[in-house]
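All values below come from the heavy atoms of this structure, side chains included, with hydrogens, waters and symmetry mates left out.
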Amino acid sequence: DKVVDMYDVLGFDYNRELHWIDHVPGQTNKERRSLIKLHFVVYPKGWHQYGKLAAYLNTSYNTWARNNFLKTLRPKGLYETAMAWWIWVTTWTNAMFEMSVGWSNVVYILASYAMGPTPFLLLTSFRHYCVYMATFAFRSPPVAHGYLMRDAKLYKSLAMMHMSRRLL
């Protein structure tokens, strides 16, 4: 938990981090509080269509979820209760997917697969070694250990699946 005070700045990837804004228990605001949220999309150079798609999907979902979130803060009927549940389920499912697989890994794997069987084999069989080397080569700033383990296990599993397919 992080308590943000006057003039504090906090940055995080809102697509990967479940977050909520609440009052500190037992305290009241003496002044009007304001929160400025900046949403942006980072994508590789030359991937403009992917960036536009990611921005559109994020904006659409965020607008939908925000409007429904405001309606469901205190649900009064069955519809609002169902919408509150649906927002929670989609948010939780996305967070669990990001924690265990990662959207960037899905894009990499699908792009590798689209190149054909040989590039798919080569680009995914040894990727876990690249994850290890890149992590150990660039230890500063500190490594996000959860993402390291997620990516290493995912690509090691893919490599083992390739190997078992070839051997069996």
- Output the rest of the hydrophobic cluster of Met163: all Ile, Leu, Val, Met, Phe, Trp and Tyr residues reachable through side-chain heavy-atom contacts under 4.5 Å, sorted by chain and number. Met160, Leu167
- When hydrophobic residues are tied together by side-chain contacts of less than 4.5 Å, even through go-betweens, does Leu53 share a cluster with Leu110? no
- Query: Are Met96 and Tyr61 grouped together when hydrophobic residues (ILVMFWY) are joined by side-chain heavy atoms under 4.5 angstrom apart?
  - Reply: yes
- Query: Below 4.5 Å, heavy atoms only, C-beta onward: do Thr90 and Asn94 meet side chain to side chain?
  - Reply: no
- Around Trp64, counting heavy atoms of other residues, nucleotides and ligands shown, do more than 12 lie under 6.0 Å from its CH2? yes
- Task: Please round to the nearest 0.5 Å and tell me the distance separating atom OH of Tyr113 and atom CZ of Phe120.
- Result: 7.5 Å
- Ser100 to Arg150 - nearest heavy-atom pair and separation: O-CG, 3.4 Å
- Note on the structure: d(Met83 CE, Leu78 CG) to nearest 0.5 Å is 12.0 Å
- Item | Asp151 CG to Cys130 SG distance, which is reported to the nearest 0.5 Å | 12.0 Å
- Query: What side chain to side chain donor-acceptor pair (under 3.5 Å) pairs are there with at least one residue in residues 120-134, not counting sequence neighbours?
  - Reply: Thr124-His162
- Message: Under 4.5 Å between side-chain heavy atoms, counting indirect links through other Ile/Leu/Val/Met/Phe/Trp/Tyr residues: same cluster for Ile109 and Leu123 or not?
- Response: yes
- Task: Would you mind reporting whether Trp103 and Glu98 have side-chain heavy atoms less than 4.5 Å apart?
- Result: yes
- Task: Would you kindly confirm whether Phe126 and Tyr108 end up in one hydrophobic cluster when ILVMFWY residues are joined by side chain heavy atoms under 4.5 Å apart?
- Result: no
- Query: With a 4.0 Å cut-off, would you call Glu80 and Arg74 a salt bridge?
  - Reply: no
- Nearest 0.5 Å please: distance from the OH atom of Tyr79 over to the OG1 atom of Thr72. 9.5 Å
- Report yes or no: do Leu154 and Leu122 belong to one cluster of Ile/Leu/Val/Met/Phe/Trp/Tyr joined by side chain heavy-atom distances under 4.5 Å? no
- Task: Using atom types as modelled and distance alone, determine if a side-chain donor or acceptor of Asn62 lies under 3.5 Å from a backbone N or O of Asn58.
- Result: no
- Message: Measuring from atom CG of Leu121 to atom CZ of Arg166, what distance do you get when rounded to the nearest 0.5 angstrom?
- Response: 4.5 Å
- Item | Full working for side-chain contact (heavy atoms from CB on, under 4.5 Å) between Trp47 and Val107 | CA-CA 12 Å; Trp47 286 43; Val107 170; 3.7 Å; yes
- Item | Donor-acceptor contact below 3.5 Å, side chain Thr59 vs main chain Tyr56 | no
